Amino acid sequence: MPSIETKPVEDTISKVNDELAVGSDLQFQHKWWRFTHALWIFFGCVIVADLLGCFGRGPLANATAQTNDRTIQVKYERIERYAAPSILRIDFGPTAIHEGKIQFWVGESVIKALGAQRFIPQPEKSVVGQDGISYTFPCPDSPRR
Amino acid sequence: MAAVLRAIWGYCFLVLIVRTAGRRPGKQITPFEFVFIFFAGGVTLTSMVGNDPSLINAVTIIITIAVTHFLIAWIRHRWPAIGLIIDGTPLVLLQKGEWQVETMRRMRIKDDDVMAMARDNGLERLDQIEYAILERNGEISIIQKSENS
């Protein structure tokens, strides 16, 4: 029959008042309290940073870029989140409309990196080119987005 | 691969959060502590699964969590100093008629928490307690005063 290794019991657990074996380590506990205190401050900073938009989806993350003649204005998020969708809003001025249509070309570098999951409004036509995709949007009267 | 990394991160992060959020007496877990545990678990699960709710992803994540759990348990056993970080240390809350005020305050435990556990042990008054110890699993152990003390 196989035997199991044994050893005699030793009094290794530290005692309180030399009578009750508790094994309390107050030195460690004080270090842990200091660590958790710092951690709570860090957690507070994370929450404030998130509310401000330091991790995206907030005031600090919102950005706008436009052409000099304001033909195109792009509202985008300066900070993107990995594997999470985001909204890129493009406003076209009147000078972008030709024959009631807006033609918009997106380069491969944008499509490959960000993808294009959904367009609102839907393009009338999309043509895949060598280094990007060309979208055509109908635009009867007023400037469209 | 991403699911495995997310599972390891989620497990370790939850261990840290639960450890940091404090040790409250396990038998007296209140509804608001239940909310914390289930909410934190649910939110972590969402980010672990990501956009792949497939069976193989679930199986991979569960196996990863089991292996991570086993490894942490092994590390804890092998290096007692790391065990101290993961599990904490027992803390005396009351000894020989004296409250350990700093420990009580820092662990957010009140005298009625100790009394609730004393009642659970069949005691009627606080002065019947010789020692009250907050154990690593969050329970409060009560050592009763001996008859002749």
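Just so we're on the same page: letters track the sequence lines, and every chain starts at 1. All values below were derived from every heavy atom in this structure, side-chain atoms included, with hydrogens, water molecules and symmetry-related copies excluded. Bear in mind that the values here come from a model prediction, so they are computed numbers and not experimental data.
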Run the side-chain contact (heavy atoms from CB on, under 4.5 Å) check on B:Tyr131 and A:Asn17 step by step: do they pass? CA-CA 11 Å; B:Tyr131 290 100; A:Asn17 291 333; 2.9 Å; yes
Hydrophobic cluster identity match, A:Leu20 and B:Ile142, side-chain contacts under 4.5 Å: no
Intermediate values then yes/no, side-chain contact (heavy atoms from CB on, under 4.5 Å), A:Trp33 and B:Met107: CA-CA 9 Å; A:Trp33 281 330; B:Met107 300 310 290; 3.4 Å; yes
For A:Ile87, look at atom CD1 and say whether over 12 heavy atoms of other residues, nucleotides or ligands are found less than 6.0 Å away. no
Please evaluate residues A:Val16 and B:Ile133 with respect to the criterion side-chain contact (heavy atoms from CB on, under 4.5 Å), reporting the C-alpha separation (whole Å), side-chain torsions for both, the decisive distance (0.1 Å), and the verdict. CA-CA 11 Å; A:Val16 177; B:Ile133 294 130; over 6 Å; no
Counting heavy atoms not belonging to A:Lys125, are there more than 12 under 6.0 Å from its NZ? no
To the nearest 0.5 Å, what is the distance between CD (A:Glu19) and CD (B:Glu130)? 6.0 Å
Using non-hydrogen atoms only, which part of B:Ile143 is less than 4.5 Å away from chain A: side chain, backbone, both, or neither? side chain
Side chain, backbone, both or neither: which part of A:Gln27 has a non-hydrogen atom closer than 4.5 Å to chain B? neither
Above 12 or not: heavy atoms from other molecules or residues under 6.0 Å from CZ of A:Arg70? no
Starting from A:Ile133, can I reach A:Leu88 by hopping between I/L/V/M/F/W/Y residues whose side chains sit under 4.5 Å apart? yes
Common cluster, A:Val22/B:Leu93, ILVMFWY with side-chain heavy-atom separation under 4.5 Å: no
Of B:Thr103, B:Leu84, B:Thr89, the one forming a side chain to side chain contact (heavy atoms under 4.5 Å, CB included) with A:Gln29 is B:Thr89
Any heavy-atom pair between the side chains of B:Leu91 and A:Leu26 that's under 4.5 Å? yes
Is the NZ or CZ atom of B:Arg19 both under 6.0 Å from the centre of the six-membered ring of A:Trp32 and within 45° of that ring's axis? yes
Are B:Ile17 and A:Phe43 close enough, and set up right, to give a side-chain contact (heavy atoms from CB on, under 4.5 Å), and what steps lead you there? CA-CA 10 Å; B:Ile17 289 291; A:Phe43 288 164; 3.5 Å; yes
Same apolar cluster (I L V M F W Y, side chains within < 4.5 Å links), B:Val67/B:Ile82: no
Determine yes or no for a side-chain-to-main-chain donor-acceptor pair under 3.5 angstrom, with A:Ser24 supplying the side chain and B:Pro90 the backbone. yes
Quick one: do A:Phe42 and B:Leu14 end up in the same hydrophobic cluster if we chain Ile, Leu, Val, Met, Phe, Trp and Tyr together by side-chain heavy atoms under 4.5 Å apart? no
